[in-house]
Amino acid sequence: MSSKITLSVFKADVGGFVGHGSVHPDMLLKAQETLEEEGKDILIDFHVTHVGDDINLVLTHRQGVDSKDIHTLAWNTFQNCTEVAIELKMYGAGQDLLSDAFSGNIKGMGPGIAEMEFEERPSEPVVIFMADKTEPGAWNLPLYKIFADPFNTIGLVIDPKMHSGFSFEVLDLIEDKTVTFSCPEELYDMLVFLGAPNRFVVKNVFTKTGEITAASSTQKMNQLAGRYVGKDDPVLIVRCQNGLPAVGEVLEPFANPHLVTGWMRGSHFGPLIPVSQKDALPTRFDGPPRVIALGFQLANGRLIGPQDLFADMAFDRARHKALEIADYIRQLGPFEPHRLPLDEMEYTTMPKVMEKLKDRFK
Ligand code: F6R
Ligand code: MG
Ligand code: MG
């Protein structure tokens, strides 16, 4: 067992209430009970929440990353929630638990996970972002701004502890290979990749001394029957302050909503709306995509919080802007660039329609 703290955030959609909009309170209660009972010997603390139809489990412990015990606990929790979902006939009950044969690590089994292990500092502020109706690439633009853009993060310019920059570990979702860029020196090389968030996603960010500061729930694409399924609805952990970006610098990119993929049928571009926990209920055209930010202070692994950081009225204008973008882009209906390009849609009728019409193409 390590003296370090591990912060693990798991997420899964194991049944929607109603449709794909939210999670039934009984399921959240079941998650709470399971973690209390089965986690009492291995967890330091936990927090259960949801954004849209995804249950999010925030766990602290000393078992390190990829711990079999912790992953099994998360898996069992989602399974117990699935049982409740089945009883209440929730929509898509158990949909993210892809296999019955759980092997001890949740990666590739359906649920998403972001985790990091570190020596807790004298004061350890963390922000946990959780999104619904979008994909892991949604974090590329904000992570670039937080850790590499001086127009967002003034600390890069005027804080001597941050002036040397950060390193970004980027995953190629197709090839399942990672590459690390040292910034600001390699910014322009890195942006060639980060600008294509459908394929290349930021997995981790490190200080120049190798300390982890951000981790996303980025995994290899779910290839099922040769086809990409699931938009993953990602989570992201960011450690803040005292040589790392300030909480306000970490939240600032979301003041100007960017377009992400997901939304209805995982097949559309839409604005990512920063919302408070109470507004994490995506219903319009099954969206638009949204993100919440919960802030915690760690105290020997205890999760002191959360603070609902996007409840700040200073994000109201971002919300209004996002709604205007949503009105505009919805007018395009089934046309790109609202609808995704053919090869990126989660749903498609194209092969069937093509087959039916094949003799009519001259
Ligand atoms: C998006 C999402 C929903 C569903 C849509 C159709 O990520 O989950 O938009 O894709 O409600 O769902 P089905 O095919 O289950 O009726
Ligand atoms: Mg769902
Ligand atoms: Mg979801």
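Whatever order the structure lists them in is the order used to number ligands and atoms, beginning at 1. All values reported here derive from a predicted model rather than from experimental measurement.
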Below 3.5 Å, N or O to N or O, backbone or side chain included: is there any such pair between [X] and ligand 1?
X	value
Asp53	no
Tyr347	yes
Tyr91	yes

Open item on the list: Please check if the number of heavy atoms outside Arg284 that lie under 6.0 Å from its CZ is greater than 12.
Closed with: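 Counting other residues, nucleotides and ligands, CZ of Arg284 exceeds 12 neighbours.
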
Task: Heavy atoms from other residues, nucleotides or ligands near OH of Tyr328 exceed 12 (cutoff 6.0 Å) - done: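 Incorrect, the count does not exceed 12.
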
TODO: State whether Asp13 contributes an N/O/S atom found under 2.8 Å from the Mg ion (ligand 3).
DONE: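 No N, O or S atom of Asp13 is closer than 2.8 Å to the Mg ion (ligand 3), so no.
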
Judged by modelled atom types alone, do [X] and [Y] share a side-chain donor-acceptor pair under 3.5 Å?
X	Y	value
Asn152	Glu252	no
Ser182	Glu185	yes
Gln241	Ser123	no
Glu115	Ser8	yes
Lys321	Asn256	yes
Thr60	Asp45	no

Open item on the list: Ring centres under 6.0 Å, that's the criterion: do Trp263 and Phe269 meet it?
Closed with: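 No: the rings miss the under 6.0 Å criterion.
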
Task: Atom name, His20 (N, O or S, nearest to the Mg ion (ligand 2)) - done: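 It is ND1 of His20.
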
Open item on the list: Taking a cutoff of less than 4.0 Å between a non-hydrogen atom of the residue and any ligand atom, is Phe285 in contact with ligand 1?
Closed with: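 Contact check Phe285 vs ligand 1: negative.
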
Task: Contact with ligand 1 for Gly19, non-hydrogen, under 4.0 angstrom - done: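 No, Gly19 has no heavy atoms under 4.0 Å from ligand 1.
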
Task: Proximity to ligand 1 by part of Glu346, non-hydrogen separation under 4.0 Å - done: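 Neither part.
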
Open item on the list: Side chain, backbone, both or neither: which applies to His20 and ligand 1 if a contact is any heavy-atom pair less than 4.0 Å apart?
Closed with: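 The part of His20 near ligand 1 is the side chain, not the backbone.
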
TODO: Starting from the Mg ion (ligand 3), look over the N/O/S atoms of Asp54 and name the nearest one.
DONE: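 Minimum-distance N/O/S atom of Asp54 relative to the Mg ion (ligand 3) is OD2.
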
- [ ] Give the name of the N/O/S atom in Asp233 that lies closest to the Mg ion (ligand 3).
- [x]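 Distance check against the Mg ion (ligand 3) picks out OD2 in Asp233.
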
Numbered atoms and elements of ligand 1 in range of [X], under 4.0 angstrom, heavy atoms:
X	answer
Gly266	1 (C)
Lys133	1 (C), 7 (O)
Met264	9 (O)
Trp263	1 (C), 7 (O), 9 (O)

Open item on the list: Between Arg199 and Asp172, does any NZ, NE, NH1 or NH2 come within less than 4.0 Å of an OD or OE carboxylate oxygen?
Closed with: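 Salt bridge flag = yes for Arg199 with Asp172.
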
Task: With the Mg ion (ligand 3) as the apex, the OD1/OD1 angle for Asp132 and Asp53 - to 10° - done: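 Between OD1 of Asp132 and OD1 of Asp53, the angle at the Mg ion (ligand 3) is about 100°.
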
